[in-house]
Amino acid sequence: MNKYKHIFFDLDRTLWDFNANSEITLNQLYRDYQLQNIFGSFLFFKSRFEYHNGKLWNAYYQNRIKKEDLMYRRFYLCLKESGADDLDLAKEIAQDFIEISPLQTKTFPKAHEMLQQLKEKGYQLHIITNGFNEVQYKKLTNCELISYFTEIITSEDAGANKPSPLIFEYALQNTGATTNNSIMVGDDLKTDIAGARKSNIDQIYFNSNKTKHSDDVTYEVNELIEITKIL
């Protein structure tokens with residue numbers, strides 16, 4: 001008999017294709033705000049956004065910046081370094097990004113099929129995400145993923161970000177799960193996998209890019225559907 005009863009999933013870059021959906025959103029913003037006049041090319045705008053977004057999310061994980069600052073600073077820093085030091089414009093673009101991005105519906109291949117199979121097998125499925133409430137719930141709803149999940153655990157509600165043990169403790173308490181009957185599925189070795197491991201929860205590393213690493217993981221898959229063969 002399988003020991004697992006509860007499966008916790010990360011959302012961004014695990015089920016919801018953040019990179020693809022972000023590119024669609026950034027393309028629209030690039031056109032709407034005529035950002036070619038500032039950045040020259042879309043690829044340059046996209047590359048600078050990804051750079052600053054990544055750095056600011058790392059700072060957010062470490063509680064060095066607030067949510068509100070992350071939302072606009074990732075655009076403000078892009079604009080400023082390209083010669084457009086315009087805080088108001090950055091905040092306008094940031095607000096549009098927050099509204100448009102969750103409307104995008106690209107998920108990783110076989111995400112729905114995998115979740116349906118696991119639910120039919122009787123597993124309790126949950127989300128643990130560092131994303132913001134108003135954004136993550138919209139993503140789940142628009143992608144028609146929300147019906148698969150019993151509990152949606154966000155870092156805002158838990159008062160802690162992955163990889164902190166506090167968010168995993170909060171998740172276990174809110175779902176009635178235990179470390180022994182739970183497993184975490186995620187794409188990020190530092191937040192999802194290391195966080196679960198430190199909390200004594202088994203992990204499935206979703207390594208869609210087949211990135212080489214030396215981390216200790218319970219299981220590893222390159223495609224989501226492979227999870228149904230493990231569980």
Side-chain angles (χ1 to χ4, degrees), residues 2 4-29 42-43 46-47 49-50 53-54 57 97-98 100-132 135-155 162-163 171 182-197 201-213 215 217-231:
N2 198 319
Y4 303 116
K5 295 181 180 178
H6 297 267
I7 309 175
F8 294 92
F9 284 90
D10 174 50
L11 180 56
D12 292 337
R13 298 186 175 90
T14 298
L15 300 172
W16 194 79
D17 192 337
F18 178 89
N19 290 342
N21 291 318
S22 177
E23 182 165 348
I24 294 169
T25 304
L26 292 173
N27 248 309
Q28 182 171 336
L29 295 172
F42 171 73
L43 288 178
K46 176 174 171 283
S47 69
F49 169 81
E50 290 174 345
N53 188 53
W57 270 105
F97 183 86
I98 291 296
I100 298 168
S101 178
L103 303 179
Q104 310 311 316
T105 58
K106 287 187 178 294
T107 56
F108 279 91
K110 302 293 182 72
H112 285 270
E113 182 178 339
M114 177 268 301
L115 292 169
Q116 183 62 37
Q117 288 188 32
L118 293 176
K119 194 162 188 178
E120 288 175 356
K121 289 182 178 181
Y123 291 104
Q124 292 290 307
L125 310 181
H126 315 286
I127 290 286
I128 303 183
T129 175
N130 282 350
F132 306 131
V135 175
Q136 302 304 71
Y137 278 93
K138 288 179 183 177
K139 290 177 184 176
L140 287 163
T141 300
N142 289 322
C143 289
E144 299 182 349
L145 289 173
I146 199 163
S147 62
Y148 295 110
F149 299 102
T150 304
E151 295 291 338
I152 312 297
I153 307 297
T154 68
S155 56
K162 293 176 291 183
S182 300
I183 193 164
M184 176 76 202
V185 181
D187 72 290
D188 195 307
L189 288 168
K190 293 181 179 179
T191 56
D192 304 316
I193 304 306
R197 186 170 57 244
I201 297 171
D202 285 354
Q203 327 91 41
I204 299 177
Y205 174 41
F206 175 45
N207 188 2
S208 61
N209 295 322
K210 300 182 179 180
T211 303
K212 292 183 179 180
H213 67 92
D215 285 52
V217 300
T218 313
Y219 302 101
E220 180 170 337
V221 298
N222 303 131
E223 297 180 2
L224 291 177
I225 199 65
E226 294 176 49
I227 295 173
T228 62
K229 299 176 182 178
I230 295 172
L231 301 174

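Throughout, residue positions are numbered sequentially from 1 according to the sequence presented. Since the structure is predicted, the reported quantities are computational estimates derived from the model, not experimental observations.
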Indicate, with yes or no, if the rings of [X] and [Y] have centres closer together than 6.0 Å.
X: Tyr137; Y: Trp16; answer: no
X: Phe9; Y: Tyr148; answer: no
X: Phe49; Y: Phe97; answer: yes

Flag for Asn142-Thr105: side-chain donor and acceptor within less than 3.5 Å:
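No, because no side-chain N or O of Thr105 sits under 3.5 Å from a partner of the opposite role on Asn142.
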So, Gln117 and His112: side-chain donor and acceptor under 3.5 Å apart, yes or no?
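Judged by distance alone, the side chains do not pair up.
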Quick check: does any side chain N or O of [X] sit under 3.5 Å from a backbone N or O of [Y], one acting as donor and the other as acceptor?
X: Ser101; Y: Ile98; value: no
X: Gln104; Y: Ile100; value: yes
X: Thr218; Y: Asp202; value: no
X: Lys162; Y: Ile128; value: yes
X: Glu223; Y: Val221; value: no
X: Asp17; Y: Phe108; value: no

Can you find a heavy atom in the side chain of [X] that is under 4.5 Å from one in the side chain of [Y]?
X: Ile7; Y: His126; value: no
X: Phe8; Y: Ile127; value: no
X: Asp10; Y: Asp187; value: yes
X: Tyr4; Y: Tyr123; value: yes

Name the residue from Leu189, Asp192, Asp215 that meets the side chain to side chain contact (heavy atoms under 4.5 Å, CB included) definition with Arg197.
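Going through Leu189, Asp192, Asp215 one by one, the side chain to side chain contact (heavy atoms under 4.5 Å, CB included) with Arg197 is satisfied by Asp215 alone.
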Using the salt bridge (charged side-chain N to carboxylate O under 4.0 Å, His left out) rule, collect all pairs that involve residues 135-155, keeping only residues at least two apart or in two chains.
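Non-adjacent pairs meeting salt bridge (charged side-chain N to carboxylate O under 4.0 Å, His left out): Asp12-Lys139.
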Does the side-chain contact (heavy atoms from CB on, under 4.5 Å) test come out yes or no for Leu115 and Phe149, once each step is laid out?
CA-CA 9 Å; Leu115 292 169; Phe149 299 102; 3.9 Å; yes
Evaluation steps, side-chain contact (heavy atoms from CB on, under 4.5 Å), between Leu11 and Gln136
CA-CA 8 Å; Leu11 180 56; Gln136 302 304 71; 3.6 Å; yes
Kindly indicate, with the supporting measurements, whether the criterion side-chain contact (heavy atoms from CB on, under 4.5 Å) is fulfilled by Ile24 and Lys106.
CA-CA 10 Å; Ile24 294 169; Lys106 287 187 178 294; 3.7 Å; yes
From the options Glu113, Glu120, Lys119, select the one residue that forms a side-chain hydrogen bond (donor to acceptor under 3.5 Å, both in side chains) with Gln116.
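It is Glu120, the one option of Glu113, Glu120, Lys119 that forms the side-chain hydrogen bond (donor to acceptor under 3.5 Å, both in side chains) with Gln116.
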